[in-house]
Amino acid sequence: MARQATTTTTKTQLRFICPAARRLSVSVAAVNDGAPLAYGATVAVEAKLAADLLATGEWEPVAPVKETKDDE
Amino acid sequence: MNSQTTRVAIAAQSAKGTAATTGFHAMRLTRSKLVPVYEWDSPENEHTGVHQRASTLTGTPEAVSFTIPVALGGRLYPNAFGTLLRGLGFGVSSVDNTTYHTHTFTQADAEAAAWLSAMQALGEDTARFERKVKDIRLTQLALTADRNGINWTADGLGLDEAIAAGTETVAAEANYQIRPSKGSLTFGALALGEPRSHMITIARPVEQDDQKLHAFGRAGADPTGFAVTGELRGLDLSLATYKKYNWGGASGTAPAQTTITDSLTVLWASAANISGADVPYSWQFAFTKAWFYTFNAEAQGNNIVRCDAQYGMIDDIAGAPLTITGINGVTGY
């Protein structure tokens, strides 16, 4: 049996806490394909983007998530 | 690139020089233009010493400065208009009425007048690109209401631009037009009735050529005035109206030197109420004191004779001479 290689990408889970999203349809171009986000929605994004999003003050970190994929 | 795919969003900045990253309002526009304009030092008619042909331009022009003129236009909607007012030098105080929010705009101190950021995205998919112009101050807002709708145009000046980060939060505009058929027009005492169209122009000139040495762009755009004028077109004409406007009052008998002043409040609202609230979206312009000057009435052909009245805001009181009130679902500006 051939041994399968495993790659692990670490993404950062963020929760959207923008006050405006409580009442309005709010979107962020770099997240969710620019589709509207609801207050409290969570997304998993790359570390660099996560840092940019956290800097806006409209996101809070949830917990790091490991996505494990089995390569063929 | 199709104009219909364009997205423009504006937000007030926390300070000059710091582009906004949150609180953008997408605008429903019919027109937007935010393109830098460069100024050049063009070395014409120099004795070059290189040749002796009689050419005008004998050296390479070099840029000396740039600005980013901003021109926007569209119909009046509930939300993003408030950010435009911030860019015109209005300060705002917002109240949470649970099912809606009330925003009161009055003229801010010139030194405290806000700067705006505006993002314009052009094109779709991989061809899409979005620029962010920062340090914008608007210089004019012209609003025209007639029976078909309420349209506005805004002009201004931006000082710098860059590519948008993509992480900016953009709130969609509410899909409710502010309708000219809704709301009311109230005078203090003049009672000229309702016009058939109404124009309001807010002019807030800024210093446009403020450039320091050792810098390529402009240093700032300090406000140099604030004037609001309006025109009521197509008022019903009667002798009483004529006297009130021209002869110092309804009991006047001759041209009067008295200046006609009055308060004026105009409110426009959406046809439907705000979701979950018992009030519609609305924008109200309340002048504490305005003077009414040019009066125009002309009989021509088979036209119905009506009159047009122009007015201007007077700022000679301690309180705000113009208070603009917006009711919508936006938390704050």
Side-chain angles (χ1 to χ4, degrees), chain A residues 2 4-72, chain B residues 5 7-9 11-12 14 18-26 28 77-80 82-83 94 96-101 103 117 119-125 128-132 163-176 274-277 281 327-333:
Chain A
Q4 289 183 324
T6 301
T7 57
T8 303
T9 53
T10 302
K11 288 199 168 186
T12 307
Q13 192 88 354
L14 298 179
R15 182 181 291 114
F16 191 49
I17 53 166
C18 168
R22 284 183 185 276
R23 300 195 62 87
L24 301 166
S25 169
V26 178
S27 63
V28 178
V31 182
N32 204 26
D33 290 330
L37 286 157
Y39 185 89
T42 56
V43 295
V45 296
E46 305 288 341
K48 167 72 174 72
L49 179 55
D52 291 344
L53 292 174
L54 286 170
T56 66
E58 296 184 340
W59 298 79
E60 63 180 12
V62 179
V65 177
K66 281 188 189 282
E67 288 185 353
T68 303
K69 285 182 183 171
D70 290 335
D71 292 348
E72 291 298 323
Chain B
T5 67
R7 185 186 75 176
V8 171
S14 58
T18 307
T21 57
T22 63
F24 278 89
H25 287 278
R28 289 173 176 261
Y77 280 92
N79 294 350
T83 308
S94 299
D96 185 349
N97 303 102
T98 309
T99 52
Y100 60 94
H101 285 74
H103 311 280
S117 292
M119 297 194 295
Q120 186 190 42
L122 297 168
E124 297 168 278
D125 302 324
R128 182 183 191 272
F129 68 96
E130 187 167 34
R131 296 174 301 121
K132 180 155 67 173
I163 286 293
T167 54
E168 294 88 353
T169 312
V170 181
E173 179 59 89
N175 192 13
Y176 296 93
I274 299 171
S275 176
Y281 297 97
I327 291 179
N328 56 34
V330 174
T331 311
Y333 292 97

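Please read these numbers as outputs of a predicted model, since none were measured by experiment.
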Minimal heavy-atom distance between A/V28 and B/G166, with the atoms involved, is CG1-O, 3.4 Å
Heavy-atom donor-acceptor pairs under 3.5 Å, chain A with chain B:
unit_1	atom_1	unit_2	atom_2	d
A/R23	NE	B/G329	O	3.0
A/R23	NH1	B/T98	O	3.4
A/R23	NH2	B/T99	O	2.9
A/S25	O	B/A172	N	2.7
A/S27	N	B/V170	O	2.6
A/S27	O	B/V170	N	2.7
A/S27	OG	B/V170	O	3.4
A/A29	N	B/G166	O	3.3
A/A30	N	B/G166	O	2.7
A/E58	OE1	B/T169	OG1	2.0

Most contact-rich option vs chain A, by heavy-atom pairs under 4.5 angstrom, among B/A9, B/G329, B/A174, B/G332, is B/G329
